Amino acid sequence: MAATDFPILKNDLLLRAARGEKTERAPVWVMRQAGRYLPEFRKVRELHEFFEVCRTPDLATEITLQPVRRYHGLLDASIIFSDILVVPQAMGMEVLMNPGPSFPDPLVTPADISKLSKTVDVNKELGYVFEAITQTRKGLEGNVPLIGFCGAPWTLFAYMIEGGGSKTLQKAKSWLFRYPEESKALLLRIADVCVDFLVGQVKAGAQLLQVFDSWAGELSPHDFDEFSLPTLKHISTQVRHRLSEENIPSIPMTLFAKGANFALSKLAQEGGYDVLGLDWCIDPVEARRIVGDKVALQGNMDPNVLYGGRDAIERTVKRMCEAFRAGGGGGWIANLGHGITPGVDPEDMRWFLECVHKYSSAQ
């Protein structure tokens, strides 16, 4: 669909900050903002299984729009309702959600890689995401930009081998150490699917892309450099190359490598992303000192502050805004340091957004 077929964007704060501009206030959105803390989300889920929602464009659109509707004028972005594990599904693996993700038939040895699809046609396997993006982009009526996303290869690789969440990632890490070359080949194969998927999302109407490396912090700096970083660079380079080849304007890209604060300098210098997401375990002043003005930053309030009451939320947001302002440098997108969790009172989320508007305004 041509960009001209979409409503004109009325709020480009997110895109300006992502490109490194200083903005009149920080744009704000929240990871998992379309999620279980919202009663309207739970109502849809009563009738529909998780991946059914992902695969049904009408439902995915409705859920993506819910927080934008509820917090009208407070949120500066929407993020398409989907899941990082649609990529392993597209590669031929079964994934169930009950309530956490589980793979009935995970990869146990490199011989199991033969069970994966030899080629992946993202239009066929993930076309439902593209449809949902186009539909949502229209449904947003230009009020805020729409973010598309995927999981990072290392994080997806870990799920595909562990068979679900894990505290130690013992199985996935064993692969890295026992089968390093096979692991790198599989990571690159996943990365190629991610590239196709992200390019398809831009064509469908996504205005910013985010790559989630949720388990980046589980790797040592050496192992991150050897196994995760090359695929993250591959994605940023190839997505831009492919868009350029097809004469599609480049859009900002964000990387959230949770827990990998040790890699901030290298990611800012070499990663190829416009924005780096921060978790709550690093001071914004320190993060800005490390990255200089090479990238915009996103984050980084601890999501659990949302359970601490209005005073704690206001105090923490004020401190966060002061720290990002004191750091100077490029753009800043306000967010949490990870996703919002199911028990949060939606009115406390509203207060968080209101506080960001209040305390991030340029002085």
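All values derive from a computational prediction rather than experimental measurement.
Residues K43 and E46 are not paired through a salt bridge, judged by the lack of any N-O separation under 4.0 Å between the basic side chain and the carboxylate. In this structure, K358 does not pair ionically with E354, as no charged nitrogen and carboxylate oxygen lie closer than 4.0 Å. Using a 4.0 Å cut-off between a side-chain N of Lys or Arg and a carboxylate O of Asp or Glu, R242 and D196 qualify as a salt bridge. The residues K258 and D213 are annotated as not salt-bridged, no charged nitrogen and carboxylate oxygen being separated by less than 4.0 angstrom. The pair K266-D225 counts as a salt bridge, with a side-chain nitrogen and a carboxylate oxygen less than 4.0 angstrom apart. Between R25 and D76, at least one side-chain nitrogen of the basic residue sits less than 4.0 Å from a carboxylate oxygen of the acidic one, meeting the salt-bridge criterion. Classification of E40 and R69 as a salt-bridged pair fails, no side-chain N sitting under 4.0 Å from a carboxylate O.
Looking at V202 and L243, their side chains come closer than 4.5 Å, going by heavy atoms from C-beta outward. Counting heavy atoms from C-beta outward, C194 and I235 have side chains that approach closer than 4.5 Å. No side-chain heavy atom of V28 sits less than 4.5 Å from a side-chain heavy atom of I333. In this structure, P39 and P346 have side chains that are in contact, with non-hydrogen atoms separated by less than 4.5 Å. Proximity of Q298 to L278: side-chain heavy atoms (C-beta onward) are nowhere separated by under 4.5 Å. In this structure, the side chains of E94 and F103 stay at 4.5 Å or more apart for every pair of heavy atoms. Within the 4.5 Å cutoff, the side chain of L13 has heavy atoms near those of the E24 side chain. Looking only at side-chain heavy atoms (C-beta outward), Y128 and L126 come within less than 4.5 Å of each other.
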Checklist line | side chain to side chain contact (heavy atoms under 4.5 Å, CB included) between L176 and F157, intermediate numbers included | finding: CA-CA 10 Å; L176 302 183; F157 170 98; 3.8 Å; yes

Note to self: Pair V44, Q66 - check side chain to side chain contact (heavy atoms under 4.5 Å, CB included), show working.
What the structure shows: CA-CA 11 Å; V44 173; Q66 284 177 349; 3.8 Å; yes

Next item on the list: Take R289 and E286, measure what salt bridge (charged side-chain N to carboxylate O under 4.0 Å, His left out) needs, and give me the verdict at the end.
Entry: CA-CA 5 Å; R289 186 191 67 73; E286 174 66 4; 2.8 Å; yes

Checklist line | side chain to side chain contact (heavy atoms under 4.5 Å, CB included) between V275 and L297, worked out | finding: CA-CA 5 Å; V275 185; L297 293 172; 5.9 Å; no

Check: Would F352 and L74 count as a side chain to side chain contact (heavy atoms under 4.5 Å, CB included) if you check the C-alpha gap in whole Å, the side-chain angles of each, and the deciding distance to 0.1 Å?
Finding: CA-CA 10 Å; F352 165 73; L74 288 173; over 6 Å; no

Next item on the list: Evaluate the salt bridge (charged side-chain N to carboxylate O under 4.0 Å, His left out) criterion for residues E314 and K318: first the C-alpha distance (whole Å), next the side-chain angles of each, then the deciding distance (0.1 Å), finally the verdict.
Entry: CA-CA 6 Å; E314 182 167 10; K318 183 170 186 278; over 6 Å; no

Next item on the list: Just do the salt bridge (charged side-chain N to carboxylate O under 4.0 Å, His left out) check on R240 and D274 with the steps written out, would you?
Entry: CA-CA 12 Å; R240 293 185 201 283; D274 304 276; 2.9 Å; yes

Next item on the list: Would you check, one step at a time, whether the test salt bridge (charged side-chain N to carboxylate O under 4.0 Å, His left out) holds for K173 with E162?
Entry: CA-CA 9 Å; K173 287 187 177 186; E162 294 290 342; over 6 Å; no

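Residue I8 places its CD1 atom among 12 or fewer non-hydrogen atoms of other residues, nucleotides or ligands, all under 6.0 Å distant. Within a 6.0 Å radius of CD in Q170, no more than 12 heavy atoms belonging to other residues, nucleotides or ligands are found. With a 6.0 Å radius and a threshold of 12 heavy atoms from other residues, nucleotides or ligands, K184 has its NZ atom above the threshold. For CZ of R178, the number of neighbouring non-hydrogen atoms (other residues, nucleotides, ligands) closer than 6.0 Å is 12 at most. Within 6.0 Å of atom CG in D311, 12 or fewer heavy atoms from other residues, nucleotides or ligands are found, so the atom counts as exposed in its surroundings.
Follow the hydrophobic side-chain contacts under 4.5 Å out from W215 and you reach M31 in the same cluster. Side-chain heavy atoms closer than 4.5 Å link hydrophobic residues (I, L, V, M, F, W, Y) into clusters, and following such links, possibly through other members, connects M93 to L156. Put simply, I248 and L146 are part of the same group of oily side chains (I, L, V, M, F, W, Y) that touch within less than 4.5 Å, one to the next. Grouping the Ile, Leu, Val, Met, Phe, Trp and Tyr side chains by contacts below 4.5 angstrom, directly or via other members, places W154 with F177. Hydrophobic clustering (side-chain heavy atoms under 4.5 Å, transitive across Ile, Leu, Val, Met, Phe, Trp, Tyr) keeps W280 apart from Y307.
Taking every heavy atom of both residues into account, S78 and Q33 meet most closely at CA-NE2, 3.5 Å. Taking each heavy atom of T61 and A132 in turn, the nearest pair found is OG1-O, 3.5 Å. Listed here is the closest heavy atom pair of Y37 and V344: CB-O, 3.5 Å. Heavy-atom minimum distance, L188 versus T231: N-CG2, 4.2 Å. Scanning both residues, A18 and L208, for their nearest heavy atoms gives CB-CD1, 3.8 Å. Shown here for A323 and V285, the closest heavy-atom pair between the two residues is O-CG2, 3.4 Å.
Counting only distance, with no hydrogens or angles, the side chain of E141 and the backbone of L9 share no donor-acceptor pair below 3.5 Å. Between the S117 side chain and the V120 main chain, no donor and acceptor come within less than 3.5 Å of each other. One N or O on the side chain of R42 and one on the backbone of R36 form a donor-acceptor pair closer than 3.5 Å. Distance alone, capped at 3.5 Å, is enough to place a donor-acceptor pair between the R45 side chain and the H48 backbone. Listed for the T56 side chain is no donor-acceptor partner under 3.5 Å among the backbone atoms of V53. With hydrogens and angles ignored, the 3.5 Å screen pairs a side-chain donor or acceptor of S360 with a backbone N or O of A26. At least one donor-acceptor pair closer than 3.5 Å links the side chain of T316 to the backbone N or O of A312. Between the side chain of N143 and the backbone N or O of L140 there is at least one donor-acceptor pair closer than 3.5 Å. Judged by distance alone, the side chain of N300 and the main-chain N or O of D279 form a donor-acceptor pair under 3.5 Å. Remark: the backbone N or O of S214 is paired with a side-chain donor or acceptor of T155 at under 3.5 angstrom.
Evaluated for a side chain to side chain contact (heavy atoms under 4.5 Å, CB included) with V239, the options Q201, M253, H234 yield exactly one hit, M253.
Relative ring orientation between Y179 and W175 is described as perpendicular, the plane-to-plane angle rising above 60° on a 0-90° scale split at 30° and 60°. Taking the six-membered ring where the residue is Trp, F212 and F149 present perpendicular rings, their angle passing 60° and hence far from 30°.
From D192, atom CG reaches atom OG1 of T119 across 12.0 Å, with rounding to the nearest 0.5 Å. Here R350 contributes atom CZ and I313 contributes atom CD1; the two are 13.0 Å apart, rounded to the nearest 0.5 Å.
The six-membered or imidazole ring of F224 lies near that of F262, with a centre-to-centre distance under 6.0 Å. For F256 and Y273, the ring centers are positioned 6.0 Å apart or more.
Residue pairs meeting the salt bridge (Lys or Arg N to Asp or Glu O under 4.0 Å) criterion with at least one member in residues 110-125, sequence neighbours excluded, are D105-K115, D112-K115.
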